[in-house]
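What follows is a single structure, written as structure tokens, with notes after it.
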Amino acid sequence: MKNFNPADNIQDLQYFGEFGGVNPSISDSSTYTFLSAKTMFDTFEGNMEGCYLYSRHSSPSNLYLDKALAAMEGTASANVSASGMGAITPTLLQLCGTDDHVVSSRTIYGGTYAFLKNFAPRLGITTTFTDITKLEIVEAAITPNTKVLYCETVSNPLLEVADIERLSKIAKRHNLTLVVDNTFSPLSVSPAKLGADIVIHSLTKYINGSSDTVGGVTCASQEFIDSLKNVNSGASMLLGPTMDSMRSASVMKNLRTLHIRMKQHSHNAMYLAERFEKDGLITVYPGLKSHPSHTLYKMMINQEYGFGGMMTLDVGTLAKANALMELMQSKNLGYLAVSLGFYKTLFSAPGTSTSSEIPLDEQIEMGLTDGLIRFSIGLDNDIERTYQMMRSCMVEIQILQN
Ligand code: PLP
């Protein structure tokens, strides 16, 4: 673990374009020719390494990005997809069928929650949602039909931390596959190194980092990735959430700066979290000593990338949250928008946006309050100046006193 550095692993890969370009050429084709019919047959059967068949299955550009993301997560292989949900749903459907059961963290991205709660039961797959920080409750939820243990490293939006090492021990004890969505903490946490079997990202967020596309990836063993792409039975191949080659080439270029961006996101978020907590606001950030899992998270992270760029502030009421977000946007401090990992700070009230799929009573039970604002802290150059400007917005709305 000590010697594992995800950014160095990406950097150590070397690709050239076909004319010696410093970036690999983009494969601008949906289908590929064969010199012999026999090779085409063998490729269909999955027996021809290095031959391409059809771009829904794989393309040279997608394979470059697959390799880089597998290197980042320390898994044998990876498969990029058209969105984060396009990675999550085929992965779960590959692992589970009728009568199978999932134990999932209850604080997960609203879309994943809605899939497990509302859609998967149509296929006979049921889910028990639990508090992922209470390991005895997690273990008690496992039944003989359970196949998957599912969580996010740092949960959306409450920033709860999953103890991946201990969850993986539970998973192994019960012969389950531990699937971890690491979207909030790329580079900072390496879940596969902590025992996760499958690591998923929405590339839409930090990894691409420019809010210009959606994308996803599943990082796992070669065997599992092959099963996802199997022409007869693979959920990715058959459901078809394929990333376009042009997009994978552009995500690949943005991946080159991820390590620099994560350090700055973490630095800025830590700065603001410390200042606002001192000001008396209810501030949740895993880098703060007051975070219930601070000590655990500190041990889990690859230290140099920090505690990440996500932070929440509770400003009391939805009306105040909305007024503050509108005012901050008017002062160009960031955008009132869902998503995360942009150069600009993004903020939203999760209860009425990204987590609105979660019924109100369940939101209350998990501590998702009305006045909660989720911040994805941007890459601001002068974070003290940002703090002063945010603070004066809070004074204007009477969240803080002058
Ligand atoms: N996982 C997490 C933690 C997310 O926040 C999101 C999207 O917000 C997703 C998965 C889904 O990703 P996408 O929007 O790329 O499908």
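Whatever order the structure lists them in is the order used to number ligands and atoms, beginning at 1.
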Quick one: nearest non-hydrogen protein atom to [atom], plus distance?
| atom | result |
| --- | --- |
| atom 5 (O) of ligand 1 | N156 ND2, 3.0 Å |
| atom 1 (N) of ligand 1 | D181 OD2, 2.6 Å |
| atom 15 (O) of ligand 1 | T204 OG1, 2.6 Å |
| atom 11 (C) of ligand 1 | Y109 CE2, 3.5 Å |
| atom 16 (O) of ligand 1 | M85 N, 2.8 Å |
| atom 13 (P) of ligand 1 | G84 N, 3.3 Å |

For the aromatic rings, using the six-membered ring if either is Trp, is the centroid distance between [X] and [Y] under 6.0 Å?
| X | Y | value |
| --- | --- | --- |
| Y206 | H265 | yes |
| H294 | F307 | yes |
| F347 | Y335 | no |

Residues K289 and E274 bridged, charged N to O under 4.0 Å: no

Salt-bridge criterion met for R247 and D244 (N-O under 4.0 Å): no

Subset of ligand 1 atoms that lie under 4.0 Å from at least one heavy atom of [X]:
| X | result |
| --- | --- |
| G215 | 15 (O) |
| E152 | 3 (C) |
| S202 | 9 (C), 10 (C), 12 (O), 13 (P), 15 (O) |
| K205 | 4 (C), 5 (O), 6 (C), 7 (C), 8 (O), 9 (C), 12 (O), 14 (O) |

Heavy-atom donor-acceptor pair, T317 side chain to K320 backbone, under 3.5 Å: yes

Exceeds 12 heavy-atom contacts within 6.0 angstrom, atom CG of D361: yes

Proximity to ligand 1 by part of I88, non-hydrogen separation under 4.0 Å: side chain

Parallel, tilted or perpendicular: ring planes of Y271 versus H267, cut at 30 and 60 degrees: tilted

